[in-house]
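Heads up: the structure comes next, in structure tokens.
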Amino acid sequence: MKSPTLRLGSLPPIRVSPGTLVTVLVLALILYPSFSGPGDVLSVPAALLALGIALFMIVSVLVHEGAHALSARAFGATVDHIALTLWGGHTQYRGKEMSARASVAISLAGPVSNLALALVALGAESVSGPGTAAAVFWSFCARLNIALAVFNLLPGLPMDGGRAVEALLGGMLRNPLLGTRVTAWTGRALALAVVAIPLWWIVRAEGAGMFLLLTLVWAMLIAGMLWQGASSALHAATLQRRVDTLDALDLVRPLRLVIPQQTLSSLGSEAELTNVLVLEQRAIRPGVVGRAYRILPEAVAAVPSAHRERTPASAVAGPVGEVGLLDASLRGSELVSAMLALPVPVYLAMGEPGQIRGIILSDDVNDLLRGR
């Protein structure tokens, strides 16, 4: 089911996942025992108070993500959307490579906004009557925002604190990928701790009440999110390391390019035909110069020797796909970006004006990025 999208003022589109409702209900259930009296089957005031605090926490998450979005815009990034999900929320933004200072500022903007909300809630509590429902409401909202800020400041990915440490380590060590690996493994360790702590509480209590069971379930969901986010960061770091090793000249294959009308007999022996690519030149779209065909050994074997002088190469070739042009001097991310901008199976690697250095196959690049 597609998530509904909201638009609030200068904020980017806000996508609200159905999981957000689950978050509200679970948090309300966890909070409810703190407000209900002993033996109460159902206390409506306690339920409303728990539900109100849970809803305020969703607002707090929205403020948190809005702070990320506004700070990202301030550093020149384009913010695609804010998402509210079962796990809380995230902000999707993109832009040119940012400095460590910008990355730290964007990462810390969210927790700082929660600390500001906590101060506002504490101020509201101070003007509420002592012991009133309003005072209890604002007290819990303040404490939960402080907890939200502290939790997000944990120094492991995918938490905001982890992203800040990742940027600082990458800048200090001049090795962004090492910074990612350190903070991602820290994030995995935190995921294990998030589950271990409520388990320890249950063991110490020599039993598990409803509150502890709900806390454990919630902790397991949070731990799953942390582990998945840390694992995704590790995968991205590995992929980036492979991207950085790419060099167009290293990927060039010295295949012979022939025209479709060239006869089979002029192409050499059957062993030499494995290095032949038939190029049908015609303008298809910008950057694409034609279509490529590969000689098929089984088709060649079926042609009698006497007929090879008048059999065109196109008659014994199978389609490979469109052929694009690629600068042979490209490396790393620039090479990948150029290939993504013009996705075709085959590229002519161009050196000096008009000089073809060879061909590059998309499959070769994909195999390298997969670690094959």
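Only this structure's heavy atoms are used, side chains among them; waters, hydrogens and symmetry mates stay out.
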Would you compute the distance between atom [atom1] of [X] and atom [atom2] of [Y] and round it to the nearest 0.5 angstrom?
X    : Y    : atom1 : atom2 : answer
L51  : F35  : CG    : CZ    : 11.0 Å
H64  : N114 : NE2   : CG    : 6.0 Å
L177 : L239 : CG    : CG    : 10.0 Å
L296 : L273 : CG    : CG    : 10.5 Å
D327 : L348 : CG    : CG    : 12.5 Å
L117 : L144 : CG    : CG    : 12.0 Å

[X] atom [atom1], over 12 foreign heavy atoms within 6.0 Å:
X    : atom1 : value
R308 : CZ    : yes
R15  : CZ    : no
E352 : CD    : no
M350 : CE    : yes
E334 : CD    : no
R285 : CZ    : yes

Is there a side-chain contact between [X] and [Y], using heavy atoms and a 4.5 Å cut-off?
X    : Y    : answer
S103 : F75  : no
T20  : I58  : yes
I53  : L55  : no
I295 : T274 : no
T91  : H81  : no
L153 : L108 : yes
L49  : F137 : yes
L84  : H90  : no

Any salt bridge linking R256 with E272? Criterion: basic side-chain nitrogen under 4.0 Å from a carboxylate oxygen. no

Please say which of T23, V22, V24 ends up in a side chain to side chain contact (heavy atoms under 4.5 Å, CB included) with V26. V22

Out of curiosity, does [Y] fall in the hydrophobic cluster containing [X] (side-chain heavy atoms, cut-off under 4.5 Å, transitive links)?
X    : Y    : answer
L25  : V61  : no
I30  : M225 : yes
V365 : Y347 : yes
V63  : W138 : no
L342 : V289 : no

Please tell me whether F140 and F56 form a close aromatic pair, meaning their ring centres lie under 6.0 Å apart. no

Closest approach of [X] and [Y], non-hydrogen atoms and distance?
X    : Y    : answer
I106 : A72  : CD1-CA, 3.7 Å
P260 : V278 : CA-CG1, 3.6 Å
S128 : A124 : OG-O, 2.8 Å
G123 : S126 : O-OG, 2.6 Å
P111 : H68  : CD-CE1, 4.4 Å
L335 : L246 : CD2-CB, 4.0 Å

Whether T180 side chain and P176 backbone form a donor-acceptor pair below 3.5 Å: yes

Tell me whether S362 contacts the main-chain N or O of V344 through its side chain, where contact means a donor paired with an acceptor under 3.5 Å. yes

Side chain to side chain contact (heavy atoms under 4.5 Å, CB included) between I284 and R291, worked out: CA-CA 9 Å; I284 298 176; R291 293 184 180 277; 3.8 Å; yes

So which of R242, R241, Q240 actually passes side chain to side chain donor-acceptor pair (under 3.5 Å) with D244? Q240

Please assess N145 against L115 for the test side chain to side chain contact (heavy atoms under 4.5 Å, CB included), listing each intermediate value before the final yes or no. CA-CA 6 Å; N145 265 281; L115 292 175; over 6 Å; no

Should the pair R188 and W185 be classed as cation-pi, given the thresholds of under 6.0 Å to the six-membered ring centre and 45° from the axis? yes

Assess the side chains of S265 and E309: does a donor N or O sit below 3.5 Å from an acceptor N or O? no

After noting the C-alpha distance and the side-chain angles of S314 and E280, does the key distance pass the side chain to side chain contact (heavy atoms under 4.5 Å, CB included) rule? CA-CA 9 Å; S314 58; E280 179 188 29; over 6 Å; no

What verdict does the side chain to side chain contact (heavy atoms under 4.5 Å, CB included) test give for L178 and V182, after you've listed the backbone C-alpha separation in whole Å, the side-chain angles of each residue and the deciding distance to 0.1 Å? CA-CA 6 Å; L178 181 57; V182 170; 4.3 Å; yes

